[in-house]
> 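Please find one structure pasted underneath; my questions will follow.
Predicted, not measured: the structure shown is a model, and the values here were computed from it. Convention: sequence-line order gives letters A, B, ...; per-chain numbering from 1.
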Amino acid sequence: MIETRGVGKTYYTPTAEFQALQNVDLAVSAGEVFGIIGRSGAGKSTLLRTLNLLERPSTGRILIDGADVTDLDGEPLRRLRQRIGIIFQHFNLLKSRTVHENVRLPLRINAELDRSAQDGRVAELLDLVGLTGNARKYPAQLSGGERQRVGIARALANRPQILLCDEATSALDPETTQSILELLLDINRKLKLTIVLITHGMDVIRTVADRVAILDRGRIVESGEVVEVFLNPRHEVTRALLAQSGVESDAVVGIDEDDRPILRLTYHGMTSEQPLLSRLSAQTGLDFTILQASVGHLKSIPYGRFTLRLPASGRGRLPDLLQLADELGVRHEVLR
Amino acid sequence: MSLDAAVEAIRSFEYWPEIATGTLDTLTMTGLSLGFTVLIGLPVGVALFLTGPSQRSERRLTGRAQAAVYSSLSLLVNILRSLPFLILLILMIPTTRWIVGTSLGVAGSIPPLVVGAAPFFARLVENLLREVDRGVFEAFRAMGASTRQTVFWALLPETLPGLVAAITVTAIALIGYSAMSGVIGGGGLGDLAVRYGYQRFNIPVMVVTVAVLIVLVQVVQALGDRWVAHLSHQR
């Protein structure tokens, strides 16, 4: 659906050059929610903006639906952009126009529908984002969450297959963020829309994304299924980002320095349905202490992650435990 | 001076007809030249903005073309703005004759007024457009809007209150300029003040002329402010 091949972007100032992106390869499939996360300055926004050519890559190619669009210009570029919706952190609505007029703008630009069909489409869109009854209001009269809903309605006006989200919830409070994310998931399912979003918050990724790429200093350092990346982060930047959202905490701190074995178990998906811990305990005859635990859902996939301490005498039976874990489909790692 | 004396002074003032004609002429000159100033200055201001530093294309050739247009327009605007209006009036006499057939009276003062005010107004417009939120442009580019659509559907509506305020400022500047054109036979209140007040030492005519000008400026400013307030209130 969307593909970047070796995309790089270099900015030149009179005295220096700055590589915002280096050799970025991405492949986003139709209908998925693809998250790009990184610290500020990592190049996320630049990367997202190359996808609709708001930024033209210095090197590499951009493919949309298999077609190379990197060099499009003029009318063909405008036509392409009309097929790609985008929402922004600060909404970027016209203050001088009503909600209705703001949402109608892309339809006027596209100019395929007549006036009454445009008005009908606007009503439909406002209904979709839950803003029926607000058509005559001005953006200043709306809350942040409502303004982003207007932004979403505007982005969807021309029935795009792709929606780009540029830190779409970063200016919103947590509760509003949640409702906007739910709306995005809802339209992703209803309209089979492909969504690419960038964020600096792991919580956004874990709520909506199917796959994620971690961007650091202009490079993708890790990418994959959200569950995989969350439960088995390989890169330090990923770990740092996870630690901030409280999912991952690698440090086994404040634990006595002795020889009692410590191990970590992780699992996700169907495995979560089973009474894993009690089975492990019963079948090996080991008592263990839970030092740390995290269970929950990543989007709709259940996952669990436990750090356990066994009694000193348990080391002998550790291989049995690990073998049983393998049989149950639980991933394990002996930390001590 | 007692009240009776003041009333008597006003009644015996014999130049009311001249003042009325002068006021009407000043209004005509200001109104017409304001119209032409906006007609010329607005597109020039938009052109300055679109070719200006904030809107440079990433494409090398387009960027260079923009820079060339910007420098030439900017230079022209600066030259016209650096000429004192009185000098501009005199310099323009041949051109004015060519355009309107005379360099005298109401008609003869309109071309120099427009040439004096349009560059000023164009700069005001350029600065206003620079204040428009960058995000709005980005949204329009991302929607696939053409430059024309961006100008007419986003830029101008978003800056409308500012534009009205800029038109008000320009109108007041034009009232001042139009009085100056009286010096070279331009008509209006300035002409009156020069011919009666300056050349014939008629202090009352001078005083009344000044009073009328003050009232005109106050009225224009008040109307402009109310319009701006009305526009800003809507959003």
> Name the option with the most non-hydrogen atom pairs under 4.5 Å to chain B; the candidates are A/L105, A/T98, A/N52, A/L77.
A/L105
> Counting only non-hydrogen atoms closer than 4.5 Å, does A/L94 touch chain B with its backbone (N, CA, C, O), its side chain (CB onward), both, or neither?
both
> Do you know which of A/E75, A/R79, A/R108 has the most heavy-atom pairs with chain B at a distance under 4.5 angstrom?
A/R108
> Side chain from CB out, backbone as N, CA, C, O: work out which of these in A/I87 comes under 4.5 Å of a heavy atom of chain B, or both, or neither.
neither
> Kindly state whether the ring of A/F88 and the ring of B/F137 have centres lying under 6.0 angstrom apart.
no
> Should A/R97 and B/E158 count as an ion pair when the cut-off is N to O under 4.0 Å?
no
> I'd like to know if B/R134 and B/E138 make a salt bridge, using a cut-off of under 4.0 Å between side-chain N and carboxylate O.
no
> For A/R154, is it the side chain, the backbone, both, or neither that has a heavy atom closer than 4.5 Å to a heavy atom of chain B?
side chain
> Is the closest side-chain heavy-atom distance between B/F121 and B/I167 below 4.5 Å?
yes
> Would you tell me whether A/E55 and A/Y11 have side-chain atoms, one donor and one acceptor, within less than 3.5 Å of each other?
yes
> Which answer fits A/R49, side chain, backbone, both or neither, if we ask what part of it has an atom under 4.5 Å from a heavy atom of chain B?
side chain
> Measuring heavy-atom distances to chain B, does A/D73 have an atom under 4.5 Å in its side chain, in its backbone, in both, or in neither?
side chain
> Salt bridge or not for A/R83 and A/E112, using N-O below 4.0 Å?
no
> With a 4.5 angstrom heavy-atom cut-off, is it the side chain or the backbone of A/I84 that approaches chain B, or both, or neither?
backbone
> Given that the side chain runs from C-beta out, which part of A/L93 has a heavy atom under 4.5 Å from chain B: side chain, backbone, both or neither?
backbone
> With no hydrogens and no angle check, just 3.5 Å: does a side-chain donor-acceptor pair link A/Q82 and A/N110?
yes
